[in-house]
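In this chain, residues are counted from 1 in sequence order. When reading the values below, keep in mind they use all heavy atoms of this one structure, side chains included, and skip hydrogens, waters and symmetry mates.
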Amino acid sequence: MFRHHPNGAGADFRRKFVRRFACHRPYFSRVGVSGKPGAVHFPPFVGGLSHYYIALNRSKKSITLDLKTPEGVKIAQALAAQCDIVLENFRPGVMDRLGLGYETLKAVNPALIYCSITGFGKNSPYEDKPAFDIVAQALSGIMSVNCEPGQAPNKLGIPLGDMAGSIFSLFGVLAALHERNSTGRGRHVEIAMLDSLIAMQGYLSQIYFVTGQSPQPVGTQHPNLVPYGAFPTLDGHVIVACLTERFWHNFARCLERPDLIEDPRFAFYEARLLNRDELEPIIIGRMADHDTAYWLERLTAFDVPNAPILSIGEALDQEHVASRGLIETVKHPVIGDLRVVRGPIRFDGDGPAPASPPSLLGEDNHEVLSGMLGLQEAEIEQLRRKTVIL
């Protein structure tokens, strides 16, 4: 992905877009979506477009380049010369072999910020190992605690291995942009998926450093806080999270068991943790007396942090999402009305930014090549005939 700067020819055009570039080889296409070959072919589909492609390419432009051809590389180099940011997620060394490495592009654009997202990064014993979300999750230790006690390790339901690298790359790129405002120089930002997941372990890594023991799976419970997690009701489950003594006192009163507050087994954090096996059956037995709706209303009345456990559909249909404007209907030229999730960031109370439908693969070839590089119709058609672009 190339983020362009507004200097030079075509500045008005370049100000408007952040580009997503897709590389392809003859008879085989590869979309730059989280570095996953063939993601455009992942079912389910709507109007011929993969859900995966829609989710990750909304509000982006799409052009295709065969980087195995000299012409494709030359175009990519010309685009990078006009850009603020280049983002790539090939294995280490691939971009250098293609003639699109940092040192090559930096030579013509010293202000360029070049971000590389890889599975494991340079100098790792896994450097050349293929990396996918589940591989990074397994090696990070996260899967070992993502299950109920005694059950098999499980991957997270969201692709955090993929997303963690993207999140930290944004931090690095923004820091490099800020620095460039003072120095005028670019940077090579390097992010590894596994590094990013390990950085997101939070207190789990510190438990190991402090105790010498790896944290064990506790399901929805918390390794150091009680009560905390999902508790069964007459017809489902309710999340309760007592992170402070005040919330614990409120919860005990909500359960109509104020005696638990003074019980020396449960009076303080440490005591409740030591006596988890005695306290949790008491809570479970009480909450099984009523249904989920009853407990959600009562817990809220007693100011106890709580939540129902929603499905993805229920989460997207809840009032919060509507009131915050997180879902937008966009017009797609093939599919028609298409619902997409908008970004979460707001500035001065405004936002999220309006979304636009995902471009079809290569849909913006002419617009980008003509608007940014000034290529004429005949030149673009020649590139198409030679399958440099689709």
Side-chain angles (χ1 to χ4, degrees), residues 133-164 196-245 247-248 250-252 254-255 257 260 263 265-266 268-296 298-300 302 304-315 318:
D133 171 69
I134 195 170
V135 173
Q137 287 197 32
L139 289 171
S140 73
I142 289 176
M143 285 178 62
S144 72
V145 295
N146 188 46
C147 58
E148 294 291 334
Q151 294 187 355
N154 208 347
K155 76 177 186 68
L156 299 174
I158 61 173
L160 192 60
D162 289 334
M163 296 169 64
S196 300
L197 277 185
I198 288 176
M200 297 184 80
Q201 288 177 354
Y203 60 81
L204 294 177
S205 58
Q206 213 61 43
I207 289 175
Y208 174 73
F209 293 146
V210 169
T211 68
Q213 301 293 320
S214 292
Q216 297 302 302
V218 291
T220 63
Q221 309 300 311
H222 194 287
N224 298 318
L225 295 173
V226 181
Y228 184 107
F231 292 94
T233 67
L234 199 59
D235 62 350
H237 289 79
V238 169
I239 293 294
V240 174
C242 296
L243 279 79
T244 69
E245 294 297 85
F247 288 137
W248 160 237
N250 290 351
F251 186 39
C254 172
L255 296 174
R257 290 295 306 271
L260 298 176
D263 190 318
R265 296 173 299 169
F266 315 130
F268 301 101
Y269 288 110
E270 296 84 352
R272 291 195 297 278
L273 185 60
L274 289 173
N275 296 289
R276 181 198 294 266
D277 291 342
E278 296 178 62
L279 177 57
E280 289 185 344
I282 295 173
I283 297 171
I284 291 170
R286 177 71 182 97
M287 295 192 71
D289 291 339
H290 298 282
D291 62 16
T292 298
Y294 171 89
W295 283 116
L296 290 173
R298 186 169 175 83
L299 288 163
T300 299
F302 277 82
V304 180
N306 70 89
I309 301 176
L310 303 180
S311 68
I312 295 295
E314 289 169 335
Q318 67 183 302

Could you report the tightest heavy-atom contact between Phe266 and Trp248, atom names first, then the distance? O-NE1, 3.2 Å
Applying side chain to side chain donor-acceptor pair (under 3.5 Å), can you list everything that pairs with Asp291, at least two apart in sequence or on another chain? none
To the nearest 0.5 Å, what is the distance between CG on Asp162 and CD1 on Ile134? 11.0 Å
Take Trp295 and Leu255, measure what side chain to side chain contact (heavy atoms under 4.5 Å, CB included) needs, and give me the verdict at the end. CA-CA 9 Å; Trp295 283 116; Leu255 296 174; 3.9 Å; yes
Taking it one step at a time, do Tyr294 and Leu234 satisfy side chain to side chain contact (heavy atoms under 4.5 Å, CB included)? CA-CA 10 Å; Tyr294 171 89; Leu234 199 59; over 6 Å; no
Enumerate the side-chain hydrogen bond (donor to acceptor under 3.5 Å, both in side chains) contacts for residues 229-243, please, sequence neighbours excluded, ordered by first and then second residue. Thr233-Asp235, Thr233-Thr292, Asp235-Thr292
For Arg257, enumerate each residue passing the salt bridge (Lys or Arg N to Asp or Glu O under 4.0 Å) test, keeping only those at least two apart in sequence or located in another chain. Asp259
By salt bridge (Lys or Arg N to Asp or Glu O under 4.0 Å), Glu245 pairs with (sequence neighbours left out) Arg272
Which heavy atom of Leu299 sits nearest to which heavy atom of Cys254, and what is that distance? CD2-SG, 3.7 Å
Run the side chain to side chain donor-acceptor pair (under 3.5 Å) test against Glu280 and tell me which residues pass, sequence neighbours left out. Arg276
Going through the distances and angles, do His222 and Leu243 end up as a side chain to side chain contact (heavy atoms under 4.5 Å, CB included)? CA-CA 10 Å; His222 194 287; Leu243 279 79; over 6 Å; no
Would you call Thr244 and Tyr269 a side-chain contact if the rule is heavy atoms closer than 4.5 Å? yes
Non-hydrogen side-chain atoms of Phe251 and Leu260 separated by less than 4.5 Å: no
Over all atoms of both residues, closest heavy-atom pair of Phe231 and Pro227: CZ-CB, 3.8 Å
Taking C-beta and beyond as the side chain, do Cys242 and Leu225 meet within less than 4.5 Å on heavy atoms? no
Heavy-atom side-chain contact between Ile207 and Asn224 under 4.5 Å: yes
Tell me, with the steps shown, if Leu156 and Gln137 meet side chain to side chain contact (heavy atoms under 4.5 Å, CB included). CA-CA 8 Å; Leu156 299 174; Gln137 287 197 32; 3.6 Å; yes
Distance-only criterion, 3.5 Å: show the donor-acceptor pairs between side-chain atoms of residues 146-153 and protein atoms not counting sequence neighbours.
unit_1, atom_1, unit_2, atom_2, d
Asn146, ND2, Asn154, O, 3.2
Asn146, ND2, Lys155, O, 3.0

Rounded to the nearest 0.5 Å, how far apart are CD1 of Ile239 and CG of Leu296? 10.5 Å
Could you grab the distance from atom CG of Leu160 to atom CG of Leu197, nearest 0.5 Å is fine? 5.5 Å
Between Glu314 and Ile309 the two heavy atoms that sit nearest each other are OE1-O, 4.2 Å
Is a donor on one side and an acceptor on the other found under 3.5 Å between the side chain of Asp133 and the backbone of Gly161? yes
Out of curiosity, Thr211 OG1 to Gln206 CD, how far, rounded to the nearest 0.5 Å? 10.0 Å
